[in-house]
Amino acid sequence: RRLVKMRSFKPRRAFLLLYLCLTRTFASSPTIPVFSPILRLTGGRVGEVFDSDHEMYSQTSSDDHHDPTGPVERGNRPREEQGDGGAFRLQAGGQSHHPAEPYSLDYQVEIKETKEAIKKLEQQLDKLQERIDDAGEKFLNATNQRDQDYWREEKKYLVEEKKNLVEKEKNLLAEKRYLVENLLEEKRYLVEKEKHLVEKEKYVQEERVIKLKMHYLRAEKSSNLEEYSDATIWKEAEVKLDGTGFDEDGKLFCLDGSYLKGVTDNEVPRRELLLYCREGFNKHWQFLREEVISNGALGWIQGPPGSGKTMTTLSFCFSQEMSEWSVTILRVGKDKMFRCIQTTGSKRRWCTSNNEMAAKLTGKTLSGWSEGQKRLVILDGMTRNIDAHERVYEECRCWRDADRKHRRLVVVTSMSSRGKVKDEEDRSNKLRVHNVVSWKLDEYLEAVQHDELYEVVEPMLDVGSSTDVKAVKEATKNETEEERVRQKFYFAGGSCRYMFETTTAEVIYSLDEAVAGVSDIPSIFRGHLGESSPTAINRLMATFYHKGKLCWMPVSRYVSTALASKAEASTLKRMISDYGIENPAVKGCLFEMLFFEEVKRNGLSLTFRGEREQPVERWDKCLVELFNPNEEQAGSLPKARTCFRPVGYLQGGYDAVMVDREAQKVEFVQVTIAEKHSLKLMYLLEALKALGIPAGNGWNLRVIFVTLPTNLKDFQIEPAEDSGALETYGWKKGKERKKAEVAALDVTV
């Protein structure tokens, strides 16, 4: 096909084309000597063919139809940083050859050949110019039309031939520059490779020395455990007791930061730590004082991460009423690190080790105490089914059993339960369990009323600066302390650690990472991940008492939303059903999430109460956007029907606003599983103004309460608050309650 397209047939050109076609055919056979230069230049994969019209070469891959990696460009040889110190390998047909020799000599030969080719081209151009001049003279001297036509075509052909040669000369000059650059690059690479090999040789020698030392250490490990314990490095410090205790109102507990040195990963802890004494704090202290200290029980304190178990326990241990007791804190964790902190009066010391040495170090430390003195041991971070933790626990239990009159033991754990309970063993150990519940919104709001505490935690209440949602940023510009806490509560939920010790960006990252690893969503919403799993230490969970029963649930609204978005609609409906979720707070959250997911994914059907020609109303799916009802909507409303969702976690009056600008229709939706609900009109008026919906008779305004099918018949709307607020929108004063509608969203699968 290429030969047919040529303007003229020349044996030399045909022979070159045939040669290059054979090059492509046998390029995968590096054993053929005649093609080895091309293989070295092209990586064994690329052949060069001349263009049929301009005698210019272009690269064409011989593996275009079966090699997904595509052609390897000439000169760009892939290098594999492997054990040979960075030696590169040629890839041919996806297979690696032995390390290639340096290419410097090849490049020098090519540069020389290119110079000779350029010189020959210049000679050809000179000869071709002479032929063009000769053809021009003959054309002028031609006596008949036939000769003139012949020499005109001949001159035209020669001019075209000259253009091709000039273009070819340009390509050769470019090739020359390219080869020179590659030669310099190759030289630089070889210099770097030499340095790398020298460094590797040093590394190999050092590695051999290290392996030899490790061999001797492993050989002596079993016999050196006791010696290692004796060689443990303890750090000591003075501890001040005058800065520890309650404030005047008894609502804040101040703990000297020096107590935390060695307890946490932070080598330089805060100078002062303030703890808010919520109801759970006082119950925690009461349990330690009455059950552990007075009655000598083995205390087992359990609760989700971020509930304040460790800090509340430490505050009790370092309080004035414990001045007669010497305290040892043993902190074990999943990071394989073990920390031991001992406090006696104003003296304290601490050391660190690994979990493997933890039991041995614990036994030696506890046995060093003299008999007959009051001693308290706190085992923090205990997790069942971790052998190192179990061995430390057994050392502590045996130490306590040797003198129960003067010795106390408290275990602090984030496990949801103790696993398999042995009643007889628990009675023998006199074991008592205390459950620490997660924080509530009211407790956060009460805590920030103390200026001293708020000043410390204010940098963590940074929802506006830590989110990319424009509406949220606008909503948090000039918020009060209470409003900032409410915004952060959406993300942090029941975790005090997330609320007061972690930025919002870090909270979102941590929760997203945990949600991504969830495989059984219903188990989290039903709380089965708690009681059924003794090793469950899950930052997604929180605990609350509901009807006297301890319930596990997602830690925050943000987690619930993320999990609901990850679940199928059928899964959400099954969890909302009567045999699924018992906790009304979780069930209500799921029902609201189902509403928004149905709006986004498939649309939904609502069954309205009352006498209607068409009781079932179909809503098509539409976009869901966040908006701030306290700020005017920037720009005009979207043309398409849109569902606006308020940014506030506890928005009053409604959960969603459905706006259809083309139909001039706005629908306020309140999603609830309760049997009755309030009608707060002032919130609706604020949203209408924020969205820029004008008053008058142009827009059709609806208020719809969406509930469960089981509540549809008997659902009650309470008397309207701020009656008359919507008169300018066609809602007569005193008639609002009758005008509001009630509909049911089907939750059957």
Side-chain angles (χ1 to χ4, degrees), residues 280 283-304 307 309-310 312-314 316-317 321-322 324-333 338-343 355 358-437 530-537 543 550:
K283 289 183 177 180
H284 195 135
W285 270 50
Q286 182 181 359
F287 171 80
L288 292 171
R289 183 187 300 114
E290 297 177 0
E291 295 291 341
V292 177
I293 300 301
S294 299
N295 297 332
L298 193 165
W300 190 280
I301 300 174
Q302 59 189 26
S307 55
K309 304 179 300 297
T310 299
T312 304
T313 303
L314 292 180
F316 177 81
C317 295
E321 61 183 272
M322 290 295 292
E324 298 180 1
W325 290 78
S326 297
V327 180
T328 296
I329 302 169
L330 306 174
R331 187 174 178 86
V332 293
F338 172 75
R339 299 177 178 89
C340 179
I341 306 97
Q342 281 189 320
T343 301
N355 280 349
K360 197 73 175 179
L361 181 59
T362 298
K364 185 173 182 61
T365 301
L366 297 181
S367 62
W369 267 344
S370 58
E371 300 290 337
Q373 295 183 354
K374 295 181 179 181
R375 309 290 187 183
L376 171 63
V377 172
I378 307 296
L379 177 56
D380 184 35
M382 170 68 182
T383 304
R384 292 287 192 187
N385 300 332
I386 295 182
D387 185 60
H389 294 196
E390 294 280 5
R391 285 188 276 113
V392 172
Y393 172 69
E394 284 301 315
E395 287 284 348
C396 295
R397 190 181 61 80
C398 293
W399 167 83
R400 168 183 172 267
D401 290 343
D403 184 7
R404 290 194 178 187
K405 182 179 179 181
H406 300 97
R407 298 177 180 180
R408 301 291 185 267
L409 173 61
V410 176
V411 177
V412 182
T413 177
S414 292
M415 295 188 301
S416 60
S417 70
R418 295 189 297 116
K420 186 177 181 180
V421 177
K422 301 177 182 179
D423 293 335
E424 185 176 350
E425 184 177 329
D426 288 350
R427 283 193 296 270
S428 175
N429 291 326
K430 202 177 179 179
L431 188 143
R432 299 291 185 270
V433 177
H434 175 69
N435 291 295
V436 180
V437 296
E531 295 300 327
S532 63
S533 177
T535 60
I537 302 179
T543 58
L550 187 67

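It should be emphasised that the depicted structure is a prediction, and the values quoted were computed from it without experimental measurement.
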Name all residues meeting the salt bridge (charged side-chain N to carboxylate O under 4.0 Å, His left out) criterion together with [X]; count only those two or more places apart in sequence or in a different chain, and write none if there are none.
X      : result
Glu424 : none
Arg400 : none
Glu290 : none
Arg408 : none

How many angstroms lie between [atom1] in [X] and [atom2] in [Y], if you round to the nearest 0.5 Å?
X      : Y      : atom1 : atom2 : value
Thr312 : Leu288 : OG1   : CG    : 9.0 Å
Arg397 : Leu379 : CZ    : CG    : 12.5 Å
Ile378 : Ile301 : CD1   : CD1   : 7.0 Å
Ile293 : Trp285 : CD1   : CH2   : 11.5 Å

For Arg391 and Glu394: C-alpha separation, side-chain torsions, deciding distance, then whether side chain to side chain contact (heavy atoms under 4.5 Å, CB included) applies. CA-CA 5 Å; Arg391 285 188 276 113; Glu394 284 301 315; 5.7 Å; no
Just so I know, are the side chains of [X] and [Y] near enough to count as touching, which here means a heavy-atom distance under 4.5 Å?
X      : Y      : result
Phe338 : Thr362 : yes
Thr313 : Asp380 : no
Phe316 : His284 : no
Leu366 : Arg407 : no
Thr328 : Cys340 : yes

Tell me whether [X] contacts the main-chain N or O of [Y] through its side chain, where contact means a donor paired with an acceptor under 3.5 Å.
X      : Y      : result
Thr543 : Val436 : yes
Thr413 : Met382 : yes
Ser307 : Val437 : no
Lys309 : Pro304 : yes
Arg404 : Gly296 : no

Results of side chain to side chain donor-acceptor pair (under 3.5 Å) for [X] - residues two or more places apart only:
X      : result
Gln373 : Ser370, Arg375
Trp300 : Gln302
Lys283 : Glu279
Thr365 : none

Between Leu330 and Cys396, the two heavy atoms sitting closest are CD1-SG, 3.4 Å
Return all side-chain donor-acceptor pairs below 3.5 angstrom for residues 427-434, not counting sequence neighbours, or 'none' if the list is empty.
residue, atom, partner, partner atom, Å
Asn429, ND2, Glu425, O, 3.2
Lys430, NZ, Asn295, O, 2.4

Discussion item. Looking at Lys422 and Asp426, is any side-chain nitrogen of the basic one under 4.0 Å from a carboxylate oxygen of the acidic one?
Written reply: no
Only residue of Val377, Ile341, Val410 satisfying side chain to side chain contact (heavy atoms under 4.5 Å, CB included) with Ile329 is Ile341
